[in-house]
Each structure stands twice: as C-alpha cells, then as structure tokens.
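So the structure is just underneath, and the comments pick up after that.
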Amino acid sequence: MSGRFPNFNEQETRMGKKMNWLGAALLAVGMVGAAQAQTVKVGIIAPFSGPFAHYGTLFRAGAEAYVASQGGKIAGQNIEFVWRDEGGPNPANTRTLAQELVVKDKVDYIGGIVFSPNASAVAPVIQESKTPMVIFNAATSDITTKSDYYIRTSYTLWQVTVPAAQHAAKKGYKRVVTAVSDYAPGIDAETAFKAEFSKLGGQVTESIRMPVRTTDFAPFAQRIKASGAQAVYVFLPGGPPNLGFVKAYQENGLRQAGIEFLGTAETDEFDLQKFGDSALGLTTLFHYSGARDSAANKAFVAAVNKQNKEAVINYATVGAWDGMYVIHKMIEATGGKRDGDKAMAAAKTLKWESPRGPVAIDPNTRHITQNVYLRVVEKGAGGLLINKEVQTFPAQVDHGLVK
Amino acid sequence: VTLLANILIDGIAYGMVLFIIAVGLSVTLGLMRFVNLAHGAFAMTGGYLAAWLVGEQGWPFAWGLLAAVVLTGLLGMLLEALVLRRLYRRSELEQVLFTIGLTFLFVATANLLAGPEVQLIPLPGWLKTPVDLGIRTLPAQRLLVIAAGLAVLLLSAWVLGRSRFGIWLRATVDNTGTAASLGIPVQWVYALTFGVGAALAGLGGILGAELMPLEPYYPIKYLVLVLVVVAVGGMGSITGSAVAALALGTIETASKYLASDWGSLFFFLSMALFLAWRPQGLLVARRA
C-alpha cells in the first residue's frame, strides 16, 4: 500500500496549484483513482455456466484458495477478481470478454481459459495492451507462440504423450494402436504418439479416430482387440465418452487379452470415482495426481478444501493454483504497478515447488516445465480410487514446441 | 465372417438401446400427435431416480428400476394433467417452445440436485458378467436390453392393436369429440397414455444408461438421435420405430467397424434416404 502514496501526493499537489471550483471535483476523482490503484485486478475467464461449468468452479476454488493461503493479500496488494463466463468453445465471444476486461475493467492480469480456440483468440488483445495472461488449462501447443504475453501453467498433449510413447517402447511393445476422439486435440495426441513411438522403433499399426458423438464404443473395442496390438494409446474428452470407452475396454475383454491401456487425462479425478472398480489397473501418463504424496500437495489440498469443500482436486484446480502463484510473483516484481513487460520478464525465470512437483517456466515457450508421472489406478484410503504415481519422467518440456 | 457377426451383434444391441429410448416418444409424438421435446427429460428423470434409489438408497436393481419407471410415469401424468393438456390444441410451434423450455428446466434441476457429474446406476453382479456367445462375449446388460426391447415391442403392439384401451386411444386421437360422446373417458386416456410414454422413456433412460450416460445435458444431447428413430420409423408406428432403430443401429455400427473416419455420415445419410424413400415411415408404403 505504501508504494501508492507518492502517486497520490503528486496528484494532490498538482491540484493544489489551481484550486478552483473544479479542483474539488478533480481531487475527488484523483482520490478514487488512487484508491483503485491499490488493488490489483485479475480477470478470470472460464466457463461458469453450461455443460463445462465445473471448470469455472474448480478454477475459482483454486485461485481463491491460493489468495486465502497468502493471508488474503498478495505481495501486500489487495486482489480483486473479475469473473467472466467463457461458456463453451466460442473464440469471438472470449475475445470480446478479454477486451472488456482490459478496456472497461482495467485488469492488470488475465487468467483462466479452458478451450484452446478461445485462448488463441485472445492473443491480439493481450499483445496490444501488454497484459500478461496465464492459461490455466487450454492445452494446444502453439497457443503460447501467438503472443509474448502468454504463460501456461497446465500441460500440453505433446508434453504428456511423449512419455507415454517412451513408456510403451521401454516395455518392449512393438505394435500399438491409437484410438482418439476425432477432433483437434485427439489428432494432436495421435500425431504426438506416432512421432515419438516410431522414433523409438515401434509401430503404430492402426490409428482409429472415433467420432466425437459416439456413444457405443463396443465396435472400436472389438477392432482394437482384433488388431493384435500389445497396447492401445487413447485420447478422449472427459465425461460420458471417457466412461463409455473404459467400459467397452473392460466388457470386451481387452484387459484379459493383454492389451495395455495407455491414457493421459482419462482417469482424471473428476470422473475417476464414476468408473468404479473397472478402472483398477488402468495406466495413464499425466502431470498431476490429486493423491500425490508431498508436503506441497497436502498444503494445497487442505487450502482448497477449506475454500470449497465440494471442489475436486485435479489438474484444473492445480492449474489455477499455480497460475495464481505466477501472478503473485509478477505482482511482486512490479510492486503492484501495471507493467506487462517487467512482469513477463520476472515470470520467465520462475522455478518453484508446485503441488505437482518441481516446476519451472521455460523462458522460450513460456510453458510450464514439469514432471510427468506414470500412474496406476488403485484403491486408496477409504475405498476411493486414486491415481498412484509409480514412475517419474522428470522435467518434461512442451515437446510440441521444443523438438 | 467374424466381422459380419460382430457388426450384427453390436448393431442389434445398439439398435435396441435406440429403440428402447425412442419408443416412449413414438407413443407421445406419434400416437398422441403431441410434439414432446421433453421426452429426453423423462428418460433422464427415470435414470436419475434409478441411480438414486439403487446407488444411494441401496435398493435392489430390479425394484429400483420398477419404482423409477412407475414414478416417472406418474410424473408424466401429473405434468399432463396440470400443464401439457392445455397445449394439445395449440400450434406445434407452441408445443415445441413449451416442451423445450420444460427440458431446460429439467436440465437445470438435475444440475442443481446432483451436480454436473455423470450419474451411474450400479448394476448387480449378474448383469455385469460378460456372456460367452461362442464367437465372442457380450455384456449381460446388453442381452437384458435386447430382451426388454422385444418385450416392450410385443406388449405395446398387443395393447395398441388388440386391447380395449388401444381402441379407445385410437378413437380418442382420431376424434376426441366423438370419442367423448361415445362414453370414452378421454381425459384419462390422454393422461394414461402420456404417463405410459413417460414411463417408457424412463425405462429407456435406465437401460440405455450404459451407452448414454446420465448427466444434466442428457435430454438435449440425445434428442436428435431419438427424433431420427421416430421420424424414420413413422409416426405412431412402434414396430416401425423398432425396425428403424435396428436398421440405423446396424448401419452406425458397421460404419464404426469399416469407415470410422467418416463419423456419423452414414447414419444421417441413411436417415435422409429412408425418409426420401418412405416419408410416412419405414413400414408405410408411399401412397400414390
């Protein structure tokens, strides 16, 4: 707060010089301006309504829990969140929201965003206004190349898929089938797996693309079974498709046939309990498990539970939490003043212990460098299913941008 | 040969799920000529009730299913008596607007009460075990769906074609005034038919939940699929709906085995062709 006073005094003296009938009004305006400047405004764009509203809830729980864990203030500054509803994939609308946040609400930082097309659409706005934007989720690699003011604290499909291919190769698999949902992230995942796996001498014998609105996955399960593959690498969006595929994998006896399931976000904590015992033993490669056994993670889980008992602890919650850590450090570096370039310079050198493990911001891609873990679904305390980390692939960069 | 058998088995199983979800709509939209876009909402209600009774209250699966179906039917009758009855004489646009609004109400309520997550109906052990068919295994649950689909088909064909109630219903729909003057309790006929339609929707929601998981947006997500089945099958023809569901289910499954890159193209292409060939429904020959 003290950092603000010179600014205030300056305005006061200037006004003292020509104290007339306007002066009082100007003084009042000046005071309001100064009072506002003591608060750092953070605009969060996320889905708060519709089928994806749970992301908004989790972002909010993670971000607010972070501020609460710092005693309600960050680097001595008050934080004011401005929440904006992204709804669903809608780039034009998201761009308008970002514009309003910058022009009308005069936010210092923007955070959030679930969908990749929405994240890319914001680029011109943040580039021109020099507003740092921390992406909490959107996972397409090339987003951060579209503006110098993007930082990302989530993951990319390349980042988690390359270790998946390495795991398959190390297990001695020669023939693997990929089965992905037929839309941009699915294709991204398929390309990433193929590239790495063939580099390691394996062969992707069949690449199945499943229509997005598929409800009956039995035919695909039968195809995978008939292909004679040793493992199947899958990518499916969360919710019903995810549940449907795992069910089909079980019911059609793929596990008994010895075809290993290799996924990424499929056993995410948001869906995990719904799988029931059919999920036991599924292997996934991902950057965060809510059940991670570390002091930083325990503190994180406790803070989020205190903020919102209902909130699921998963990659979205931790993405928001770490995103707020980055914003925290940027506020610290700029003393709470609006200075996009200085903030970005500070963010690029960050290195810290996150609930997910040791992480850093890669200065070139402005994407988070982090461990990727091989996890197996197990029964944890209280009979709940957990993703148990069994192997670490340390310090993975975004393999989509850093080849 | 294995491939062909696989396509047929999965196609019939999928088609029966489609049929069992669509049959209720075939009754309300087809027989009663009421544009009931809230059909999916009743299916979801049945599913949620079953999930709650079996999953949370620990009822046995069979009883939970029965109770959920009956309760959904009663809810349908209640809504019919209170509000929907007033819409029969209104234009189709008003029926569409009202029932889609009703659907949104159900969506929001489900979201509020149970949250956005997928709800599961726990299956008893005997339904979970895969059954060996010789060439491959099929989950027992699918066999139950196929059996239930056949039972619904036979039962409804008998009720509509042979029973007194069927005669009353057809008379009431064709000419309400005359039917009433002949002493048919038309209001009861409407309410009961709508209730049965809703109950069948609920049954479909429960049995189909393995393929179409229950979540708040269920009523909107699967509406198109259901409307396609009823449209291709022909208004009010339950046998037609069954044939349409099996044909479309097999086509969709075949395309998943043979040409999945084309997505749902073949499903909708065949819908267009069927409708061009038999606009009145698959089993109704085109009148000159």
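These values consider heavy atoms only, across backbone and side chains, with no hydrogens, waters or symmetry-generated copies. Lettering follows sequence order; numbering is per chain, from 1.
Atom CH2 of B:Trp52 is surrounded by 12 or fewer heavy atoms from other residues, nucleotides or ligands within 6.0 Å. Dense packing is recorded around CZ of B:Phe268, with more than 12 heavy atoms of other residues, nucleotides or ligands lying under 6.0 Å away.
Options A:Gln250, A:Glu310, A:Lys247 differ in how many heavy-atom pairs under 4.5 Å they form with chain B, and the most are formed by A:Lys247. The most heavy-atom pairs under 4.5 Å with chain B, out of A:Arg223, A:His54, A:Arg209, A:Glu251, come from A:Arg223.
Residues A:Pro219 and B:Asn6 form no side-chain contact, since every pair of their non-hydrogen atoms from C-beta on lies 4.5 Å or further apart. In this structure, the side chains of B:Met212 and A:Pro240 stay at 4.5 Å or more apart for every pair of heavy atoms.
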Using the rule given for side chain to side chain contact (heavy atoms under 4.5 Å, CB included), can you reason through A:Phe275 versus B:Leu120, listing the C-alpha separation, both sets of side-chain angles and the distance that settles it, and then say yes or no? CA-CA 9 Å; A:Phe275 287 119; B:Leu120 290 187; over 6 Å; no
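Both the backbone and the side chain of A:Lys274 come within contact range of chain B, each with at least one heavy atom under 4.5 Å from a heavy atom of that chain. Only the side chain of B:Leu225 comes within contact range of chain A, judged by heavy atoms closer than 4.5 Å. For B:Tyr217, the part lying near chain A is the side chain, with the backbone staying farther off; criterion is any non-hydrogen pair under 4.5 Å.
Both tests do not hold together for A:Arg213 against B:Tyr222: distance to the six-membered ring centre under 6.0 Å, angle to the ring axis within 45°.
Here the CD atom belonging to B:Glu210 is positioned 12.0 Å from the OG1 atom belonging to A:Thr215, to the nearest 0.5 angstrom. A distance of 9.5 Å separates OG1 in B:Thr253 from CZ in A:Phe220, rounded to the nearest 0.5 Å. Note that CG of A:Asp216 is 4.5 Å distant from NZ of B:Lys256, once rounded to the nearest 0.5 Å.
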